[in-house]
Amino acid sequence: MNYWLMKTEPGCFGLTHLKARPKRTEHWDGVRNYQARNFIRDDMRKGDLAFFYHSSCAEPGIAGIVKIVRAGYPDHTAWNPDGEHFDPKSSPANPIWYMVDVRLEREFRPPVTLAALKHNPALRGMKLLERGNRLSILPVTGREWNAILKMADPG
DNA sequence: GCCAACGTTGGC
DNA sequence: GCCAACGTTGGC
């Protein structure tokens with residue numbers, strides 16, 4: 001069982017969008033970075049848990065937890081010439097890009113903000129907090145996972 | 001809107 | 001294979 005952090009822009013697809021989906025489940029498409037792709041394709045397993053992180057918004061932070069309910073499979077949005085995520089190099093025979101399905105498991109109310117994460121000494125060295133980090137999918141250690149869970153309101 | 005950091009592209 | 005130019009990310 002692995003832990004992850006997945007970034008999304010709430011103005012584009014945030015926790016409220018996922019919450020409104022049937023079974024609170026949606027595929028996580030549009031990853032167009034090879035390092036993130038490799039995590040999705042090779043390392044994410046059904047049953048893994050991930051923090052759902054809101055970026056590029058007024059209050060960046062972790063909005064909740066999702067479960068990987070389907071392991072990596074080809075991202076078909078790369079094959080739609082009219083779509084935002086079209087990539088002519090990708091084809092069903094050679095997909096290049098992959099996605100997983102995620103289901104909303106828990107909502108943090110309030111979210112655990114980036115400012116709070118930075119303030120927690122237990123999270124020193126966390127990849128998310130390293131400067132210049134731009135990866136949209138990041139592995140999270142068990143220690144980091146537990147430290148962040150403690151920061152969330154029990155609800 | 002600004003800007004630093006980073007990944008990708010393409011000329012050579 | 002090098003590296004400058006360019007585009008994107010993402011916090012502020």
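- Close to C:dT9, at under 4.0 Å from its OP1 or OP2, lies no side-chain N or O of A:Lys7.
- A:Asn33 has its CG atom 10 Å from the P atom of C:dG10, to the nearest Å.
- Residue A:Leu129 contributes atom CG, which lies 20 Å from atom P of C:dT9 at whole-angstrom precision.
- As rounded to whole Å, 11 Å separates atom C1' of C:dT9 from atom CG of A:Leu135.
- Rounded to whole Å, atom C1' of C:dG10 lies 16 Å from atom CD1 of A:Ile62.
- Between A:Lys118 and the phosphate of C:dC12, there is a side-chain N or O to OP1/OP2 separation shorter than 4.0 Å.
- Across all strands, A:Ser56 comes closer than 4.0 Å to base atoms (heavy-atom distances).
- Between A:Glu59 atom CD and C:dG10 atom P the separation is 17 Å, expressed in whole Å.
- Side chains of A:Tyr98 and A:Asn38: no donor on one and acceptor on the other come within 3.5 Å.
- In this structure, A:Arg32 places its CZ atom 14 Å from P of C:dT8, rounding to the nearest Å.
- Residue A:Tyr34 has its side chain nearest to B:dT8 when only B:dT8, C:dG10, C:dG11 are considered.
- When distances are taken from the side chain of A:Tyr53 to each of C:dG11, C:dG10, B:dG7, the shortest belongs to C:dG11.
- What separates CD1 of A:Ile137 from P of C:dG10 is a distance of 11 Å, to the nearest Å.
- Proximity of A:Leu129 to A:Glu144: side-chain heavy atoms (C-beta onward) are nowhere separated by under 4.5 Å.
- If you measure from atom CD of A:Glu130 to atom P of C:dG10, you get 14 Å, rounded to the nearest angstrom.
- In this structure, the side chains of A:Lys7 and A:Asn133 come closer than 4.5 Å at one or more pairs of heavy atoms.
- The side chain of A:Lys89 has B:dT9 as its nearest neighbour among C:dG11, C:dG10, B:dT9.
- Ring-plane geometry between A:His54 and A:Phe52 is classed as perpendicular, the angle between the planes exceeding 60 degrees on a 0 to 90 degree scale with a lower cut at 30.
- Without hydrogens or angle criteria, A:Asp75 side chain to A:Gly30 main chain gives a donor-acceptor distance under 3.5 Å.
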